[in-house]
Amino acid sequence: MSKISAVELTQKLIRRQSYSGKEEGVSEELTKFFRDNGFDDVHVDKYGNTIGHIKGNRPGPKIVFDGHMDTVPVTDESEWEYPPFEAEIHDGKIYGRGSSDMKGALASMAVAASNFKEKTKGDFAGEIFVAGIVHEECFEGVAAREVSAYINPDYAIIGEASNCNVKIGQRGRAEIKVEVLGKPAHSANPEKGINAVYKMCKVIEAIKNLKPTHHDRLGDGILELVDIKSSPYPGASVVPEKCVATYDRRLLVNETKESVLAPINELLEKLMKEDNELKVRAYYTEAEEKCFTGETIGGERFFPGWIFDEDEVWVKKVVAKLKDKGQNPEITQYNFCTNGSHYAGEAKIKTLGIGPSRENLAHTVNEYIEVSELEKVVDSYEAVMEALLV
């Protein structure tokens, strides 16, 4: 086998630019690694998700190690101290777009699985899948639905950055549109129209007074205004006939599409009764994107929250193995959304997050990952396999 390290594979992945919908280069690198390093088979699905599979010689649980292949774009390469797609190493750090979020983790998962097969000679109970996921930056959990339908896993391990700590939950995310319809008129005669922006101002002020939901561990279910647009745009001598506000809603455990919209809709109904000129509705944003395979992926932007109990037996088994390897992980939760929205939030699959690097390096200029973190997390992923594939 042409064995390469997690550091070398991370560098190979960084050097293949992979903005959402253009992950084919990373898919090719992963496929080559899987085929050269002891994986039993490789599957690339209709969206381009790239899955390496190792099967033990005895029946047992299936674990999917999930890492997304796509990255956010680099807006200005000249702002970077080191080239964002060269994966240069300086002072023990690999620099490049996607190094922390999350090609380092994905490479480490692949190397750890190969190491585990080599060390055990395939003598273990269960199956290991390492999945490179497409379009996570656009749709957390949507492409992962195809992966879990193919694998039907018992456990999912999310590789998003955690400083090698154990994450047992996260808030989810939804994108909500609030749309007001007015009546167009020439701005020289505004009284003949209904200005949708003026109406929207009242709606926004009312929404600010909605009491957020709360979870003792995950915090508040945030509802934050992030964008507002009127039409026609650009406006010129016309009273705007439409205004759309976009809200980012951070979701808690067991919140549903219906329960999240219910208090907003109730408020909007009240406002319309008070103002017979007001026409307003709320709905989830729908979006779709092209995959590098030519398929279209999309859906509503609603990605559930989830959390597990740190005293569950399977969590304790993983933590115990990590400690056996000299690690002392904190048990906490992610502050951002991940593919766990599907595995745990939708499919109720036992899910943990363990990833190298710091959470605040994602999407930044001069993004990097420390070589020592990659070496540590390879041990972490092998510990997961030792704990759960018995």
Exercise. Does E269 come within less than 4.0 Å of K273, counting only side-chain N to carboxylate O?
Worked result: no
Problem set entry | From OG (S341) to CZ (F139), nearest 0.5 Å | 14.0 Å
For this session: Taking all non-hydrogen atoms of both residues into account, name the closest pair between T10 and A107 and its distance.
Result: OG1-CB, 3.3 Å
Exercise. Going by atom types only, do S148 and H342 share a side-chain donor-acceptor pair under 3.5 Å?
Worked result: yes
Exercise. Under the 6.0 Å and 45° cation-pi test, does R281 pair with Y283?
Worked result: yes
Seminar exercise, completed: In terms of heavy-atom contacts, A110 and L9 come closest through CB-CD2, 4.1 Å
Problem set entry | Pair K325 + E386: basic N to acidic O under 4.0 Å | yes
Let me have the donor-acceptor pairs involving side chains of residues 218-236, under 3.5 Å, with sequence neighbours excluded, atom names and distances please.
residue	atom	partner	partner atom	Å
D220	OD1	H214	ND1	2.7

Problem set entry | Which atom of I14 lies closest to which atom of P84, heavy atoms considered | CG2-O, 3.8 Å
Exercise. Side chains of D70 and Y19: closer than 4.5 Å at any heavy-atom pair?
Worked result: no
For this session: Say whether S114 and K3, considering side chains only, have a donor N or O and an acceptor N or O under 3.5 Å apart.
Result: yes
Exercise. Taking the six-membered ring of Y368, is NZ or CZ of K93 closer than 6.0 Å to its centre and within 45° of its axis?
Worked result: yes
Exercise. Which word best sums up how the rings of Y95 and Y82 line up, parallel for under 30°, tilted for 30 to 60°, or perpendicular for over 60°?
Worked result: tilted
Exercise. Does any non-hydrogen side-chain atom of V7 lie less than 4.5 Å from one of I89?
Worked result: yes
For this session: Working to the nearest 0.5 Å, report the span between NZ of K62 and CG of L389.
Result: 12.5 Å
Exercise. Between K32 and E28, does a salt bridge (charged side-chain N to carboxylate O under 4.0 Å, His left out) hold up when you go through it step by step?
Worked result: CA-CA 6 Å; K32 184 177 188 309; E28 289 168 4; over 6 Å; no
For this session: Using the side-chain hydrogen bond (donor to acceptor under 3.5 Å, both in side chains) rule, collect all pairs that involve residues 127-142, keeping only residues at least two apart or in two chains.
Result: H53-E127, H68-E136, E137-H363, E140-R173
Exercise. Which heavy atom in M102 sits nearest to a heavy atom in G67, and how many Å separate them?
Worked result: CE-CA, 3.4 Å
For this session: State plainly whether one hydrophobic cluster holds both I151 and F116, where clusters connect Ile, Leu, Val, Met, Phe, Trp and Tyr through side-chain heavy atoms under 4.5 angstrom apart.
Result: no
Exercise. Backbone N or O of P329 within a donor-acceptor pair of the N165 side chain at under 3.5 Å?
Worked result: no
Exercise. Can you tell if the side chain of Y47 reaches within under 4.5 Å of the side chain of I133, non-hydrogen atoms only?
Worked result: no
Exercise. Is E295 atom CD crowded by more than 12 heavy atoms from other residues, nucleotides or ligands, each under 6.0 Å away?
Worked result: yes
Exercise. Looking at E346 and R145, does any basic side-chain N land under 4.0 Å from a carboxylate oxygen?
Worked result: yes
Exercise. Is the ring centre of F129 less than 6.0 Å from the ring centre of F65?
Worked result: no
Problem set entry | Step-by-step salt bridge (charged side-chain N to carboxylate O under 4.0 Å, His left out) determination, K55 to D41 | CA-CA 9 Å; K55 188 171 185 177; D41 56 78; over 6 Å; no
Exercise. With a 4.0 Å cut-off, would you call E286 and R301 a salt bridge?
Worked result: no
For this session: Please lay out, stage by stage, how T71 and K103 fare under the test side chain to side chain donor-acceptor pair (under 3.5 Å).
Result: CA-CA 9 Å; T71 73; K103 293 179 177 181; 5.4 Å; no
For this session: Check whether any side-chain N or O of D275 sits under 3.5 Å from a backbone N or O of L271 as a donor-acceptor pair, and report yes or no.
Result: no
For this session: Calculate, to the nearest 0.5 Å, the distance between atoms CD1 and CD1 belonging to I63 and I128 respectively.
Result: 6.5 Å
Problem set entry | Heavy-atom side-chain proximity of N49 to E146 below 4.5 angstrom | yes
Exercise. Do you see a donor-acceptor pair shorter than 3.5 Å between the side chains of K376 and S108?
Worked result: no
For this session: Would you please classify the geometry between the H43 ring and the Y150 ring as parallel, tilted or perpendicular, with 30° and 60° separating the classes?
Result: parallel
Exercise. Tell me, do V142 and I297 make a side-chain contact under 4.5 Å, heavy atoms counted?
Worked result: yes
For this session: Establish, from distance only, whether the side-chain atoms of E382 and N115 form a donor-acceptor pair under 3.5 Å.
Result: yes
For this session: Taking all non-hydrogen atoms of both residues into account, name the closest pair between P61 and Y155 and its distance.
Result: CB-CE1, 3.8 Å
Exercise. Is it true that atom NZ of K12 has more than 12 heavy atoms of other residues, nucleotides or ligands lying nearer than 6.0 Å?
Worked result: no
Exercise. So, the side chain of Q170 versus the backbone of C337: is there a donor-acceptor pair under 3.5 Å, distance only?
Worked result: no
Exercise. Is T296 reaching over with its side chain to a backbone N or O of K290, donor-acceptor style, under 3.5 angstrom?
Worked result: no
Exercise. Quick check, are the ring centers of Y343 and W306 under 6.0 angstrom apart?
Worked result: no
For this session: Enter the distance from M200:CE to K242:NZ here, rounded to the nearest 0.5 Å.
Result: 10.0 Å
Exercise. Is there side-chain contact between Y284 and L261, with heavy atoms separated by less than 4.5 Å?
Worked result: yes
Exercise. Going by heavy atoms in the side chains, are K183 and V239 under 4.5 Å from each other?
Worked result: no
Exercise. Is the backbone N or O of I369 less than 3.5 Å from a side-chain atom of S100, with the two atoms forming a donor-acceptor pair by type?
Worked result: no
For this session: Could you state whether V147 and I54 fall into the same hydrophobic cluster, counting links through intermediate Ile, Leu, Val, Met, Phe, Trp or Tyr residues with side-chain heavy atoms under 4.5 angstrom apart?
Result: no
For this session: Mark yes when over 12 heavy atoms from residues, nucleotides or ligands other than E310 sit less than 6.0 Å from its CD; otherwise mark no.
Result: yes
Exercise. Would you find a donor on one side and an acceptor on the other, under 3.5 Å apart, between the side chain of S259 and the backbone of E255?
Worked result: no
Exercise. For L252 and H215, which heavy atoms make the closest approach, and how far apart are they?
Worked result: CD1-N, 3.5 Å
Problem set entry | Sub-4.5 Å side-chain heavy-atom contact between V72 and R97 | yes
Exercise. Of the options E29, E24, E23, which is the one that meets R16 in a salt bridge (charged side-chain N to carboxylate O under 4.0 Å, His left out)?
Worked result: E29
Exercise. Side chains of E175 and T246: donor-acceptor distance under 3.5 Å anywhere?
Worked result: no
Problem set entry | Heavy-atom donor-acceptor pair, E367 side chain to G98 backbone, under 3.5 Å | yes
Exercise. Do the side chains of I349 and L352 join up, straight or via other hydrophobic residues, at under 4.5 Å, putting them in one cluster?
Worked result: no
For this session: Take S162 and E359, measure what side chain to side chain donor-acceptor pair (under 3.5 Å) needs, and give me the verdict at the end.
Result: CA-CA 6 Å; S162 75; E359 296 179 43; over 6 Å; no
Exercise. Say you draw a straight line from OG1 of T332 to CD1 of I168; how long is it, rounded to the nearest 0.5 Å?
Worked result: 8.0 Å
Exercise. How does the hydrophobic cluster around I194 look, that is, which other residues are in it when side-chain heavy atoms under 4.5 Å mark a link?
Worked result: none
For this session: Treat each ILVMFWY residue as a node, draw an edge where side-chain heavy atoms are under 4.5 Å apart, and state whether M109 and M385 are in one component.
Result: yes
Exercise. Would V42 end up clustered with L30 when hydrophobic side chains under 4.5 Å apart are linked, directly or stepwise?
Worked result: yes
